[in-house]
Amino acid sequence: MKNTGSLPRLPWQAVWPRRWLRPRALRARRRGMQAASVPPPGFYYLGYLLNYDIDDFRAPGTKSNLPGHNRGTVSALANRFVWVTQHKLLGADYGMEAIVPLMRTSLTINAAGISDTRSGVGDVYLGPLVLGWHGPQWDAVAAAGMWFDTASTSDPASPGKGFKSTMLTGGLTYYFDGAKTWSGSGLMRFERNGKNGAGMRPGNQITLEWGLGKSFGAWQAGLVGYSQWQTSEDSGPGASTHKASRHALGAEVVYPVPGAGMFLKGALYKELSAEAGTGAQPKGSLLRFSLVKAF
């Protein structure tokens with residue numbers, strides 16, 4: 001059975017995001033607290049280790065579960081490489097980024113007669129534009145790039161989505177006190193999707209990630225969450241007028257390792273609601289561990 005690209009991309013920062021068999025959350029990254037803060041000039045590696053545990057699948061066009069036993073797991077290591085240059089553009093630090101995800105997907109969907117497990121390299125993201133602004137008590141970001149349909153789509157659990165997506169990002173982090181011990185952030189991404197091999201174009205999507213954090217000495221902890229909305233209808237063979245959405249709430253802890261030039265992060269998200277569009281929509285929980293290393 002050929003993959004139709006239904007599981008949404010799971011957020012990497014994200015939150016890395018298509019509809020019938022792929023969590024969209026894994027293509028959109030999940031960042032959590034201070035998500036809109038770009039680091040100073042330098043080269044950075046960010047590793048996002050994610051596990052998306054699917055409790056059930058919503059039936060197409062509804063908030064109701066498919067009948068029978070339907071479960072799944074998506075595990076991924078998203079390798080993100082960021083270079084923030086010394087150059088300025090529009091008063092911002094200018095940078096670029098790339099993401100290469102490694103994924104393993106296991107699906108048991110009795111309602112569709114599917115039992116499949118696959119591993120491989122997922123779709124690759126290239127972002128030639130990353131802009132970071134910094135004020136006394138705020139940071140802002142704007143970015144643009146594209147997800148390429150580079151991965152396999154031959155089986156239901158294959159890592160590829162089967163279509164390209166242009167992604168635009170913008171966000172703000174605000175520090176509520178001069179010592180920057182309290183912070184709030186919001187990061188929004190817009191994805192315009194292309195057609196897949198069957199001629200279907202998945203509807204466009206907006207993802208909002210937010211975080212509210214408090215520093216406790218070297219540690220930082222807070223609440224995080226994400227929401228995703230399909231903003232336009234699917235088009236092409238098999239498309240419907242239904243639009244998908246999901247909303248999640250979680251908690252995050254951040255711990256710096258100054259001697260190694262690293263940050264360690266851990267977050268757990270629980271999806272509180274999900275509504276399916278044209279295809280079935282997974283609903284579950286997302287566990288994320290992150291490592292940020294400066295070179």
Side-chain angles (χ1 to χ4, degrees), residues 7-17 22-39 43-55 71-82 97-106 117 119-125 159 171 173 183 185 187 189 207 209-228 246 248-272 282-295:
L7 281 185
R9 294 176 184 152
L10 291 177
W12 298 125
Q13 299 162 318
V15 143
W16 205 187
R22 293 266 178 321
R24 224 168 182 153
L26 280 180
R27 250 205 186 177
R29 304 164 301 245
R30 288 287 172 269
R31 293 190 187 180
M33 296 181 294
Q34 300 178 5
S37 298
V38 175
F43 183 79
Y44 301 87
Y45 168 76
L46 299 90
Y48 304 100
L49 183 62
L50 303 104
N51 185 79
Y52 183 56
D53 186 25
I54 301 170
D55 300 327
R71 297 288 186 270
T73 302
V74 183
S75 300
L77 173 61
N79 300 285
R80 184 181 177 209
F81 306 92
V82 180
E97 62 179 334
I99 301 172
V100 181
L102 306 177
M103 301 177 62
R104 178 177 175 82
T105 302
S106 180
T117 298
S119 301
V121 179
D123 292 340
V124 171
Y125 175 81
T173 296
S183 66
S185 67
L187 188 72
R189 296 185 180 86
T207 301
E209 298 181 44
W210 60 268
L212 180 64
K214 176 71 171 72
S215 296
F216 302 92
W219 290 80
Q220 186 180 19
L223 296 176
V224 292
Y226 61 84
S227 293
Q228 294 179 319
R246 68 176 63 239
L249 179 66
E252 182 180 58
V253 175
V254 181
Y255 184 71
V257 187
M262 293 192 308
F263 281 88
L264 302 177
K265 302 181 179 183
L268 177 63
Y269 298 84
K270 176 64 177 178
E271 291 181 341
L272 304 179
K283 179 179 178 292
S285 57
L286 176 68
L287 178 64
R288 169 179 55 80
F289 294 100
S290 306
L291 179 149
V292 183
K293 171 64 177 176
F295 294 93

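Numbers here simply count residues along the sequence, with the first being 1.
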Distance from [X] atom [atom1] to [Y] atom [atom2], nearest 0.5 Å?
X      : Y      : atom1 : atom2 : result
Leu187 : Ser37  : CG    : OG    : 10.0 Å
Leu50  : Leu287 : CG    : CG    : 8.0 Å
Tyr269 : Glu252 : OH    : CD    : 5.5 Å
Leu286 : Asn51  : CG    : CG    : 8.0 Å
Ser290 : Leu46  : OG    : CG    : 8.0 Å
Tyr52  : Ser285 : OH    : OG    : 8.0 Å

Search all heavy atoms of [X] against all heavy atoms of [Y] and return the closest pair with its distance.
X      : Y      : answer
Pro159 : Val121 : CG-O, 3.6 Å
Gly72  : Asp53  : O-OD1, 3.6 Å
Ala76  : Met103 : CB-CG, 4.0 Å
Thr173 : Ser183 : CG2-CB, 4.5 Å

Do the side chains of [Y] and [X] get nearer than 4.5 Å, heavy atoms only?
X      : Y      : answer
Lys270 : Asp55  : yes
Leu77  : Phe289 : no
Trp219 : Val253 : yes
Leu102 : Asn79  : yes

>> Tell me every residue that passes side-chain contact (heavy atoms from CB on, under 4.5 Å) with Ser119, counting only those two or more places apart in sequence or in another chain.
In response: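 Arg104.
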>> Under the rule for side-chain contact (heavy atoms from CB on, under 4.5 Å), what residues qualify as partners of Leu291, not counting sequence neighbours?
In response: Tyr45, Met262, Leu264, Lys293
> Among Lys265, Arg288, Arg80, which residue meets the side chain to side chain donor-acceptor pair (under 3.5 Å) test with Tyr48?
Replying inline: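 Passing option: Arg80.
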> Do Tyr255 and Phe263 have their ring centres less than 6.0 Å from each other?
Replying inline: no
> Is the closest basic N to carboxylate O distance between Arg246 and Glu271 below 4.0 Å?
Replying inline: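 Yes, Arg246 and Glu271 are salt-bridged.
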> Can you tell me if Thr117 and Ser106 form a side-chain donor-acceptor pair at under 3.5 Å?
Replying inline: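 Yes, side-chain donor-acceptor contact under 3.5 Å.
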> Do we see a donor-acceptor contact under 3.5 Å between the side chains of Glu97 and Tyr44?
Replying inline: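 Not at all, the side chains of Glu97 and Tyr44 share no donor-acceptor pair under 3.5 Å.
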> Would you call the rings of Phe43 and Phe81 parallel, tilted or perpendicular, where under 30° means parallel and over 60° means perpendicular?
Replying inline: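 Taking Phe81 first and then Phe43, their aromatic rings lie parallel (interplane angle under 30°).
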